[in-house]
Structure formats: structure tokens, C-alpha cells
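Heads up, the thing below is written out as C-alpha cells.
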Amino acid sequence: QVQLAESGGGLVQAGGSLRLSCAASGLTFSSYAMGWFRQDPGKEREFVAAISLSGANTNYADSVKGRCTISRDNAKNTVSLQMNSLKPEDTGVYYCAARFATVIKDAYGINYWGKGILVTVSS
């Protein structure tokens, strides 16, 4: 079975940093574009960042550009999201996502989702 396991969440102060990781199993990792989404209570799940199959291309939501960096290690079947200069509005449950395609631009076509991990940024 396919599993996407997020780790690295927690509570941080505004301006701080956090690194999220997602370990994938049960799929040919290098055949999937990988991404991160987040969701606040009462709001829609929103796109945060994505990375292409080889890691050559990345894309980010405007709200996190310049503050977040997504990376992947196809040898370890992991994708990470380094988040810096965190803001309270970055608070939410972050989900790892996999799509059998070259890219992820939004939630369309996501094949697998992680269970999510909470990130809380205090002011």
C-alpha cells in the first residue's frame, strides 16, 4: 500500500524556521511529482509548493515564495519543505501529496495524500 508519512511539524515562533519531511513508500517515487498543501480550520486546502520528477523544477504559492524551499531525494524516497521567516498565517495542517505526472500546480489529479501534520506559528 502507498503511504506518505509527514514529519517535522510543531510549534514555532514567528520569524522562526521549520523543516517538514515526507517519506514515501509503496510507489515508484521517481515517477511522481511531489507537493505540499496546507489547510486551516474552516478553509479550503491550498497549494504551497511542488517539485517535478527529477527535482529540476519547483513552483510555489505566492504567499510562500522567498521563504520556502522544496526539495526531493529520489534515492531516499523523501520530499522536504524548508520553511523560514514563518508567519502566523502559515499555521495549518500540512499535507504531503503525490501525483503521477511531471508537475503539480494545484490539487487536481493528486493520487495520494499524507495524513497531514500540524504547524503552528505563534506571534
Side-chain angles (χ1 to χ4, degrees):
Q1 60 181 4
V2 174
Q3 289 188 321
L4 303 179
E6 301 99 336
S7 62
L11 173 65
V12 297
Q13 293 281 95
S17 298
L18 204 62
R19 185 177 180 87
L20 304 181
S21 294
C22 174
S25 61
L27 78 171
T28 303
F29 185 72
S30 60
S31 295
Y32 289 79
M34 300 297 298
W36 289 94
F37 294 74
R38 69 187 180 195
Q39 187 169 24
D40 294 333
K43 295 185 177 181
E44 298 288 330
R45 188 171 299 184
E46 65 176 347
F47 170 79
V48 177
I51 189 165
S52 61
L53 302 184
S54 67
N57 298 303
T58 59
N59 55 293
Y60 301 90
D62 289 341
S63 60
V64 303
K65 286 181 179 177
R67 300 189 296 116
C68 294
T69 302
I70 188 171
S71 60
R72 69 188 294 161
D73 187 339
N74 286 352
K76 297 181 179 180
N77 288 7
T78 59
V79 60
S80 298
L81 183 69
Q82 177 68 44
M83 301 186 291
N84 302 319
S85 301
L86 285 164
K87 305 174 181 179
E89 51 262 44
D90 292 319
T91 293
V93 176
Y94 283 69
Y95 297 88
C96 181
R99 185 188 183 203
F100 189 69
T102 56
V103 298
I104 292 173
K105 297 179 180 179
D106 50 36
Y108 175 80
I110 299 298
N111 296 106
Y112 304 105
W113 293 95
K115 293 183 178 180
I117 189 166
L118 180 63
V119 171
T120 302
V121 183
S122 62
S123 60

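Nothing here was measured: the structure is a model prediction, and the numbers come from that model.
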Given the rule in the side-chain hydrogen bond (donor to acceptor under 3.5 Å, both in side chains) test, do S17 and N84 qualify, once you have shown the distances and angles that lead to the verdict? CA-CA 4 Å; S17 298; N84 302 319; 2.9 Å; yes
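- Side chain of D90 to backbone of V121: no donor-acceptor contact under 3.5 angstrom is found.
- Criterion: ILVMFWY side-chain heavy atoms under 4.5 Å apart, direct or through other members. Under it, V48 and L18 are part of a common hydrophobic cluster.
- Checked against the 6.0 Å centroid criterion, the rings of W36 and F47 do not qualify as a close aromatic pair.
- The stretch residues 65-111 participates, sequence neighbours left out, in these ring-ring contact (aromatic ring centres under 6.0 Å, His included) pairs: Y32-F100.
- A donor-acceptor distance shorter than 3.5 angstrom exists from the side chain of E6 to the backbone of C96, with no hydrogens or angles considered.
- Side chains of Q3 and Q1 form a contact here, defined as non-hydrogen atoms less than 4.5 Å apart.
- The hydrophobic cluster containing L53 does not contain Y60, counting ILVMFWY residues as joined when their side-chain heavy atoms lie under 4.5 angstrom apart, directly or transitively.
- Connection of W113 to V93 is established within a shared hydrophobic cluster, with ILVMFWY side chains joined at heavy-atom distances below 4.5 Å, either directly or through further cluster members.
- For the pair R72 (side chain) and F29 (backbone), a donor-acceptor distance under 3.5 Å is present.
- Cluster membership for I117 and I110, using ILVMFWY side-chain heavy atoms within less than 4.5 angstrom, is not shared.
- Atom CD of E89 sits in a crowded spot, with more than 12 heavy atoms from other residues, nucleotides or ligands closer than 6.0 Å.
- Under the 4.0 Å criterion applied to side-chain N and carboxylate O atoms, E46 and R38 are assigned as salt-bridge partners.
- A donor-acceptor contact under 3.5 angstrom links the side chains of Q13 and S122, judged on distance only.
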